Amino acid sequence: MSPSSPSSALTPSAQAGSARVAAVVRHAVAAGLLGEANPVAGFIDTDGVRASVDALHEAFPGVPAVLHTFAAKASSLVPVLRLLARCGMGCEVASPGELRLALDAGFAPSKIVLDSPAKTRDEIRRALAVGVAINADNLDEVHRIASLRPSDAVSAIGLRVNPQVGGGSIGAMSTATATSKFGVALRDPGAREQVVKAFAAHPWLTRLHAHVGSQGCSLELIAAGIAETYALAEEINETLGRRQVTGLDIGGGLPVNFADDEVRPTFAAYAAALRAAVPGLFDGRYELVTEFGRSLLAKNGFIGALVEYTKDAGGRRIALTHAGAQTATRTVFMPDAWPLRVGAFDAEGRPKDGPVVVQDVAGPCCFAGDVVAHARELPELRAGDFVVLYDTGAYYFSTPWSYNSLPRPAVYGYGLAATSGREEPMVRFAPVRDAQSLDSVSAESGLAHADALLNLRD
Ligand SMILES: *Cc1c(COP(=O)(O)O)cnc(C)c1O
């Protein structure tokens, strides 16, 4: 907690994320949500989610028409999506499954944007029937939409462009490189002319979409991509002599600070960078759509996991925990690009202190690389302790990997309430996703077809 904030103030902005997490871990262990029977679980800070959404809305004051959507892939859990819908968000989806989740969560079709990179004809037909907005990835897809679109369709239709402004520090997260797979590569010879022609041919094509980068990209790079997209919209409208492009979907991709509790960069800094780079963007001539994922959820979630054993190998202390590649996939495979802070907690869920030991924090998967933190200095972990992986509210426990047939871990939401006269806040939990049962593991592994391979010989 920052020294200036009163101890009863439990709003996320007044109390550092890791202090809130400590209270929650203690209660989760006491309630048995974490322990021998439940050795790993994900947790979502509902107050934090609300505060992050508020910060996003407050960053665009007085902007006449802006729809902020949440990128469903960042936390594809129906209760999380419903909470976001209730907070006034729209939803960005990129597959039939995500569209289904968004509708089940209660988003109005007019607040849903479909961006899948490889839309089938059926997917397009369904999106048009439901009335969600669609961003075509390329000109062939525009032609496909043209052939499927009924004349009374209500879906807003846009075209994704790649302004080719360059990449950030993580190749796999950089969407605006010269050879990116996304959108129409604007700087390629003839591409701009073809885009203008497509808008001329299809008066229902009224939006441009660009999602420049993600983790590892600077605000300046993101703003430069949006400036290119804005300039293209102005060019199309000027060339056609009518205001056909009425909406700009400026994507998401604000990076997240994984090093400490500070939210950096903020949505306010993002909006300021846009104002500086594209002064006309907020003047109300274009409806704006944003698509944020990681920056809304990452710092509002954590993974808790039991330490099952500890050992020494070759002079290295290793903690064998239940959080590995099945729930922290990117960190395990790309540890330099996706380092996570790890917290050490005792068997009662209290933060450990005492002398630090250099330790590997390993997971339960049967491959040698299943390590979430290499040579990390932490208070000495022992069997029965717990570890916390901070800032894992987006793309971690919500996106599990079924390696080794490890079950999907349970996910809980929590809210903190001040109790009068006591330092200790009250923590309320609600289930978001049940831990996967062994029956479900077997069913998803083809149990219904158990005999299928026995009778293929004549
Ligand atoms: C993934 C994605 C987003 C959100 O990215 P974050 O880095 O999580 O903010 C937005 N738009 C599109 C098209 C995406 O694919």
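Quantities reported herein were computed from a predicted structural model and do not represent experimental measurements. Counting starts at 1 for both ligands and their atoms, in listed order. Quick note: residue numbers are just sequence positions, from 1.
The existence of a salt bridge linking K119 and D137 is excluded, since no basic side-chain nitrogen approaches an acidic carboxylate oxygen closer than 4.0 Å.
Classification of the F302-F43 ring pair by plane angle, with boundaries at 30° and 60°, yields parallel. Under the 30°/60° scheme for interplanar angles, the aromatic rings of F333 and F367 are found to lie parallel.
Below 4.0 Å from some heavy atom of D115 lie the following atoms of ligand 1, by number and element: 13 (C). Within ligand 1, counting atoms from 1 as listed, the ones closer than 4.0 Å to a heavy atom of R160 are 13 (C). If you number the atoms of ligand 1 from 1 as listed, the ones under 4.0 Å from a heavy atom of S214 come out as 7 (O). Numbered from 1 in the order shown, with element, the atoms of ligand 1 that lie under 4.0 Å from a heavy atom of A71 read 3 (C), 4 (C).
Between the side chain of K299 and the backbone N or O of N257 there is at least one donor-acceptor pair closer than 3.5 Å.
Taking atom 11 (N) of ligand 1 as the reference point, the nearest protein heavy-atom neighbour is E291 OE1, 2.7 Å. Atom 8 (O) of ligand 1 has as its closest protein heavy atom Y395 OH, 2.6 Å. Nearest protein neighbour of atom 2 (C) of ligand 1, counting heavy atoms only, is K73 NZ, 2.4 Å. The closest protein non-hydrogen atom to atom 5 (O) of ligand 1 is H211 CE1, 3.5 Å.
Atom CD of E238 has 12 or fewer heavy atoms from other residues, nucleotides or ligands within 6.0 Å.
Contacts between F182 and ligand 1 below 4.0 angstrom, taking non-hydrogen atoms only, are absent altogether.
Within the 4.0 Å heavy-atom shell around ligand 1 one finds G253.
For the residue pair S402/E444, the side-chain donor-acceptor check at 3.5 Å is not satisfied. In this structure, a donor-acceptor pair under 3.5 Å is absent between the side chains of E92 and H211.
Here's the thing with G251: none of its N/O atoms is less than 3.5 angstrom from an N/O atom of ligand 1. Between R294 and ligand 1, at least one N/O pair is under 3.5 Å apart. Considering backbone and side-chain N/O of S295, none are found under 3.5 Å from N/O of ligand 1. Ligand 1 has no N or O atom lying under 3.5 Å from any N or O atom of Q215, backbone or side chain.
Cation-pi check for R275 over F282 is not met; the charged atom does not lie both under 6.0 angstrom from the ring centroid and within 45 degrees of its normal.
Between atom CZ of residue R242 and atom CZ of residue F199 there is a gap of 10.5 Å, rounded to the nearest 0.5 Å.
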